[in-house]
Amino acid sequence: MNVFSHLTCVIHEEIERLCKAGTLPAGLDLSAVSVEPPREAEHGDAACNAALVLAKQARRKPREIAEHLAERLQERVECRSVEVAGPGFVNLRLTADFWWARLAELLTTGPGYGADDLGHGRRINVEYVSANPTGPLHVGHARGAVVGDALANLLAHMGFAVTREYYVNDAGAQVDALARSVHARYREACGETIGAIPEGLYPGDYLVPVGAALADRDGRRWLEEPESVWLPEIRSFAIEAMMDLVREDLETLGVRHDLFRSEHALVGEGRVDDAYAVLEKAGLIYDGVLEPPKGKRDEDWEPREQSLFRATAFGDDTDRPLRKSDGTWTYFATDIAYHRDKIERGFADMIDVWGADHGGYVKRMKAAVSALSNEAATLDVKICQMVKLLDDGEPVAMSKRAGRFVTLRDVVDEVGRDVVRFIMLPRRNDAPLEFDLRKVLEQSRDNPVFYVQYAHARACSALRRGAELVPEAELTPAALARTDFSCLDDPAELDLIRRLCQWPRVLAGAALAHEPHRLAFHLQELAGAFHLLWTRGKDDARLRFVDAERPSETRARLALISAVKIVVAEGLALFGVEPVQEMR
RNA sequence: GCGCCCGUAGCUCAGCCGGAUAGAGCACUUGAUUCCUAAUCAAGGGGUCGCAGGUUCGAGUCCUGCCGGGCGCGCCA
């Protein structure tokens, strides 16, 4: 049970009764009525804004409505006390019995507590990483990879049918440059002296083995051929090698996509022409000349007529070109075709996870999706801001030009997959992120990975001790659910139960808002409440989790711990992080 | 010049559809260890929510303008 949606229902019922009784007018719109955990613990277990929201439409004073509502709620068994506070909030305090019953529910459900069918199997496409196949992934890519993956996990958990997708930009000038770079490395492997890699090509060492592999496979046959002959061959060889590299990098992070969609294939299948024809038929394409961008150096600017998409009709600031001067498609044109491809594959909802440098691209892509779907499809773009990589407070120098950038694999090797994954998550995607290689390995409160993992390890440790006193068959969550919880009446224990019971609400909110970082914050708070109780048990023997002298209390506390373990493990699982059994 | 994002405690950041006295961690000060892992916990000080207007019973949250930072701005992807 999601406690807060349950309480919302209860309050809706009571308001409707007040309407029937004539205390309130009939036909009120209750959609804005909500029940939330109050920010301050003093305000009780749950606060309802009904009176404030309804005051205007009911033409009553908020306090007056609140008093009537409070009177009815007082009768409910789950309410220990009800009070009207502030401008007209109704604050509920729920009985300990109510909370214990929720704890029993949590344990009965076991792993998967909080999973829900919010999505009703609705299909949603999450596209993430989509890095160009020209080299290994770097730390910046890791953020998008982890955020996209966690978001996909979360949505799947909440009843959406998720497809995880990677768009492979294997067409265009950059993969030609890749092919030329590999050709240079190939000549090198064949014994030629190549000197410095020319400007505009990819200088990284990672292409050396690719050139060597090509020489192994094809011998010296490309040495005497003109570029027009070897380029297509070497290009597809190189792209395949780069995608192998990318897949390996993703594998080290534990990220797996369902589908890799190739831009090259999309163009080859005529999908871009199709999309163009559709927009043209809808009257959304015309030939025109764009204004030069102001304030930017414009000495190279020449007015040019090109086919433009009427993006301004869908909220963009200017219309956008679809063809380059040589007649080939712009990136935007193929991206329109790609999103149309997704829509045609049955996705009315799409999420794209992009890097900060694509921020200026969001409006036109949303405009295109609106145009393609007659406003029926949705596109949410999550822009991931920069990752500032630090080593003990000092910025790690990165220079793409010198080929000196920190690869994803370097970082995973350095600190481990789970740390990389967790550290990318407790931050809103549109806020920049600091990643200190030294700090994330510290075992202290300010390292969130450690802090949450430690809570899980402590829970496991206490359960191991419990196993010495209680038969194993009685330690399963389902068995523990039948325990008498009445000794769990300390405020710190009830607080922990309340936080555990907020989990379904946090999951639902995070899924609907597409904000996985909310889970990370909740896990940290939960871990804090648990650590607090643990330490209290050191001072106050009455609160100790495992005590051979007090078997029934021990069982109740093991149940509570088991619930902590379930929720923490579930949160970590959604993040793709392995919960640890002990800290070593 | 234009667009998008950001601006909340000394630092790093939460703040969920507009709600109550704006929160957490770090750092700082003080305290807790014969004890299920002190790898932890408790207490304390610390704020003009960038600035100025506006809408509202009520604004960190919405609107307008400005200031500061980041990213981007046809023939790159």
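Within every chain, numbering begins at 1; the chains are lettered A, B, ... in the order of the sequence lines, protein sequences first and strands thereafter.
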Starting the side chain at C-beta, find the nucleotide from [options] nearest to [X].
| X | options | answer |
| --- | --- | --- |
| A:Thr535 | B:U40, B:A20, B:G74 | B:U40 |
| A:Tyr361 | B:A77, B:A39, B:C16 | B:A77 |
| A:Met583 | B:C76, B:C41, B:U37 | B:U37 |
| A:Tyr454 | B:U40, B:A42, B:C36 | B:U40 |
| A:Arg544 | B:C71, B:C36, B:G74 | B:C36 |
| A:Gln385 | B:A20, B:G70, B:A77 | B:G70 |
| A:Glu36 | B:U37, B:G74, B:C16 | B:C16 |
| A:Arg465 | B:U37, B:G74, B:A14 | B:U37 |
| A:Asp430 | B:A14, B:C4, B:C6 | B:C6 |
| A:Ala173 | B:A77, B:C13, B:C16 | B:A77 |

Taking atom [atom2] of [N] as reference, at what distance in whole Å does atom [atom1] of [X] sit?
| X | N | atom1 | atom2 | result |
| --- | --- | --- | --- | --- |
| A:Leu463 | B:U37 | CG | C1' | 15 Å |
| A:Arg499 | B:C16 | CZ | P | 17 Å |
| A:Arg458 | B:U37 | CZ | C1' | 6 Å |
| A:Glu525 | B:G15 | CD | P | 11 Å |
| A:Phe545 | B:C35 | CZ | C1' | 13 Å |
| A:Asn49 | B:G58 | CG | P | 17 Å |
| A:Trp534 | B:A38 | CH2 | C1' | 12 Å |
| A:His522 | B:A24 | NE2 | P | 16 Å |

On a whole-Å scale, what distance lies between the [atom1] atoms belonging to [N] and [M]?
| N | M | atom1 | value |
| --- | --- | --- | --- |
| B:G44 | B:C26 | C1' | 16 Å |
| B:U56 | B:C17 | C1' | 16 Å |
| B:A27 | B:U64 | P | 41 Å |
| B:A24 | B:U37 | C1' | 24 Å |
| B:C66 | B:G58 | P | 27 Å |
| B:A52 | B:G46 | C1' | 27 Å |
| B:A9 | B:A22 | P | 14 Å |
| B:G60 | B:U55 | P | 16 Å |

Between [X] and [Y] (salt bridge meaning N to carboxylate O under 4.0 Å), is one present in this structure?
| X | Y | answer |
| --- | --- | --- |
| A:Glu515 | A:Arg518 | yes |
| A:Arg542 | A:Glu553 | no |
| A:Arg536 | A:Asp490 | yes |
| A:Arg438 | A:Asp391 | yes |

Counting neighbours of CE on A:Met243 that are heavy atoms of other residues, nucleotides or ligands and sit closer than 6.0 Å, is the number greater than 12?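 Above 12, so yes.
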For [N], the Watson-Crick or wobble counterpart (both distances under 3.5 Å):
| N | result |
| --- | --- |
| B:C17 | none |
| B:C66 | B:G50 |
| B:C35 | none |
| B:C2 | B:G72 |
| B:G45 | none |
| B:C11 | B:G25 |

Can you check whether A:His358 stacks with the B:G72 base, using ring centres under 5.5 Å and planes within 30°?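 One would not call A:His358 stacked on the B:G72 base.
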Give a yes-or-no answer on whether the side chains of [X] and [Y] include a donor-acceptor pair shorter than 3.5 Å.
| X | Y | answer |
| --- | --- | --- |
| A:Ser31 | A:Asp29 | yes |
| A:His43 | A:Asn91 | no |
| A:Tyr128 | A:Asp352 | no |

Under 4.0 angstrom between [X] side-chain N/O and [N] OP1 or OP2:
| X | N | value |
| --- | --- | --- |
| A:Ser34 | B:C17 | no |
| A:Tyr451 | B:A24 | no |
| A:Arg427 | B:G25 | no |
| A:His517 | B:G15 | yes |
| A:Lys363 | B:G3 | no |
| A:Lys382 | B:C4 | no |
| A:Arg428 | B:A14 | yes |

Quick check: on RNA chain B, is the nucleotide nearest A:Asp357 upstream (toward 5') of the one nearest A:Gln581, or the reverse? Name the residue that is more 5'.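 It is A:Gln581 whose nearest nucleotide is closer to the 5' end.
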Tell me which of A:Pro426 and A:Ser444 sits closer to the 5' end of RNA chain B, going by the nucleotide each one is nearest to.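 Looking at the nearest nucleotide for each, A:Pro426 comes out on the 5' side.
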Classify [X] by what it touches in the nucleic acid, base, sugar-phosphate, or nothing, heavy-atom distance under 4.0 Å.
| X | result |
| --- | --- |
| A:Ala541 | nothing |
| A:Gly509 | nothing |
| A:Ile383 | nothing |
| A:Asp317 | sugar-phosphate |
| A:Asp547 | nothing |
| A:Ala513 | nothing |
| A:Val546 | base |
| A:Pro62 | nothing |
| A:Ala356 | sugar-phosphate |

Does the plane of the ring in A:Tyr454 sit parallel, tilted or perpendicular to the ring in A:Phe450? Use 30° and 60° as the thresholds.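 A:Tyr454 and A:Phe450: parallel rings.
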Could you check if the base of B:C11 is syn or anti? Syn means the glycosidic torsion is within 90 degrees of 0.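 For B:C11, whose glycosidic angle is more than 90° from 0, the conformation is anti.
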Can the ring centres of A:Tyr167 and A:Phe260 be said to be less than 6.0 Å apart?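 No, the ring of A:Tyr167 stays outside the 6.0 Å limit from the ring of A:Phe260, centre to centre.
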